[in-house]
Protein chains: 2
Amino acid sequence: MESESALKGLSALAQEARLSVFRLLVKAGPEGMAAGEIARHLAIPANTLSAQLTVLSNADLIQARREGRSIIYAVRFETMRDLLIFLTRDCCAGHAEVCAPLAEIALRGCSAGTGDKDETPARSCCS
Amino acid sequence: MESESALKGLSALAQEARLSVFRLLVKAGPEGMAAGEIARHLAIPANTLSAQLTVLSNADLIQARREGRSIIYAVRFETMRDLLIFLTRDCCAGHAEVCAPLAEIALRGCSAGTGDKDETPARSCCS
DNA sequence: TCATTGATTCCAGAATTATGGAAATATAGC
DNA sequence: GCTATATTTCCATAATTCTGGAATCAATGA
């Protein structure tokens, strides 16, 4: 990922509502969640949410598919992975105090959880 | 790191000039770089750069110290580490396709480089 | 075809962020 | 104290982003 895409991704996530949407979609996993359901969850007007989903889509962080009358959004994990790798290389290069703890988190992976009090139990992964 | 700090960090990095400044400071390492030198490197007017450095400082991503007439800025790696961990937990939870490659990068650490053609040789780290 | 539901687009006003000229502040050397 | 250098603050303008009402589009079912 070059810095232009990274910038798009960062900008997309750098807003409260959009970060919430993204976090919700991460929880929802590959099956995703319908726009309306997201709107209900986060109490955002449909048209406002739509604009925010467009920003996330343009950054390639999420992906839409139609299912009946609903449009289902799901995270594109490859993009998020690439963004994380970009940032890690940018700030890790030469600095063990960043690399090491991050590696540990990534290895332990999901078992760590998000720290939210309302979080759902983590699934097993990262063999 | 809670989402408010993460948001600050993301916003700070979500701008072309600021991302460049940050990347430059990462390269510069703990010794940091004087504001004027940054400005010369990136061809940004001093006062504009100053505003951008303020944003990065407020997000705690960089730290200033005075040295004679110069003010030296250096990356705060703990903050960047926390931001990366926040993002990793947010998007890695349950998804090996994100965790695994990221863990590998973090373990190999700096040896990977940034991919830029003008990058300096990576230093050894991450034993 | 018509009504309903789910979602988007259009648009304009509000809010925030970015930029840089001019003036001010801080340090150093003479 | 005076001058030069390094940087910041003040301030106004420009640019961008955010928000939501109203209208529109798409799919479903009767």
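Chain letters run A, B, ... following the sequence lines, proteins first, then strands; residues in each count from 1.
Within the 3.5 Å criterion, the main-chain N or O of B:Ser50 finds a donor-acceptor partner in the side chain of B:Thr54. Side-chain atoms of A:Thr79 come within 3.5 Å of backbone atoms of A:Asp60 as a donor-acceptor pair (strictly under, hydrogens ignored). Between the A:Arg18 side chain and the A:Ala12 main chain, a donor and an acceptor come within less than 3.5 Å of each other. A donor-acceptor pair under 3.5 Å links the side-chain atoms of B:Ser20 to the main chain of B:Glu16, judged by distance alone.
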For A:Val55 and A:Gln52: C-alpha separation, side-chain torsions, deciding distance, then whether side chain to side chain contact (heavy atoms under 4.5 Å, CB included) applies. CA-CA 5 Å; A:Val55 174; A:Gln52 288 161 341; 5.7 Å; no
Begin from the C-alpha positions of B:Leu25 and B:Leu61 and carry the test side chain to side chain contact (heavy atoms under 4.5 Å, CB included) through to its verdict. CA-CA 10 Å; B:Leu25 287 178; B:Leu61 282 166; over 6 Å; no
Start with the C-alpha distance between A:Arg89 and B:Ile105, add both sets of side-chain angles, then the distance that settles side chain to side chain contact (heavy atoms under 4.5 Å, CB included), and finish with yes or no. CA-CA 8 Å; A:Arg89 283 187 165 148; B:Ile105 294 285; 3.3 Å; yes
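Within 4.0 Å (heavy atoms only), B:Ser70 reaches sugar-phosphate atoms of the nucleic acid but no base atom.
Put simply, CD1 on A:Ile62 and CD1 on A:Ile72 are 12.0 Å apart, with the number rounded to the nearest 0.5 Å.
Distance CD (B:Gln15) to C1' (C:dT16): 13 Å, rounded to an integer number of Å. A:Ile44 has its CD1 atom 17 Å from the P atom of C:dG6, to the nearest Å. Computed from coordinates, the A:Arg66 CZ to C:dG6 C1' distance equals 8 Å when rounded to whole Å. In this entry the distance linking CG of A:Leu56 with P of C:dT8 reads 12 Å, nearest Å. In this structure, CD1 of A:Ile72 is placed 12 Å from P of C:dG6, rounded to the nearest angstrom. To the nearest angstrom, P of C:dT19 lies 13 Å from CG of B:Leu53. Protein atom CD of A:Gln52 is 14 Å distant from nucleotide atom P of C:dT9, rounded to whole Å. In this structure, the CG atom of B:Leu10 is 19 Å from the P atom of C:dT16, given to the nearest Å.
Of all the residues in residues 32-40 of chain A, A:Ala34, A:Ala35, A:Gly36 reach under 4.0 Å from DNA chain C with at least one non-hydrogen atom.
For the pair A:Ser50 and C:dA7, the criterion of a side-chain N or O lying under 4.0 Å from OP1 or OP2 is not met.
For A:Glu4 and A:Lys8, the salt-bridge test fails: no basic side-chain N is under 4.0 Å from an acidic carboxylate O.
DNA chain D is contacted by both A:Arg18 and A:Gly68; A:Arg18 maps to the nucleotide lying nearer its 5′ end (nearest heavy atom per residue). Checking A:Arg69 against A:Ala51, the closest nucleotide of DNA chain C that is more toward the 5' end is the one next to A:Arg69.
A 4.0 Å heavy-atom criterion places the boundary nucleotides of DNA chain D facing chain A at D:dC18 to D:dT28, written 5' to 3'.
For B:Asn47, the side-chain atoms get nearest to C:dA22 when compared with the rest of C:dT8, C:dA22, C:dA18.
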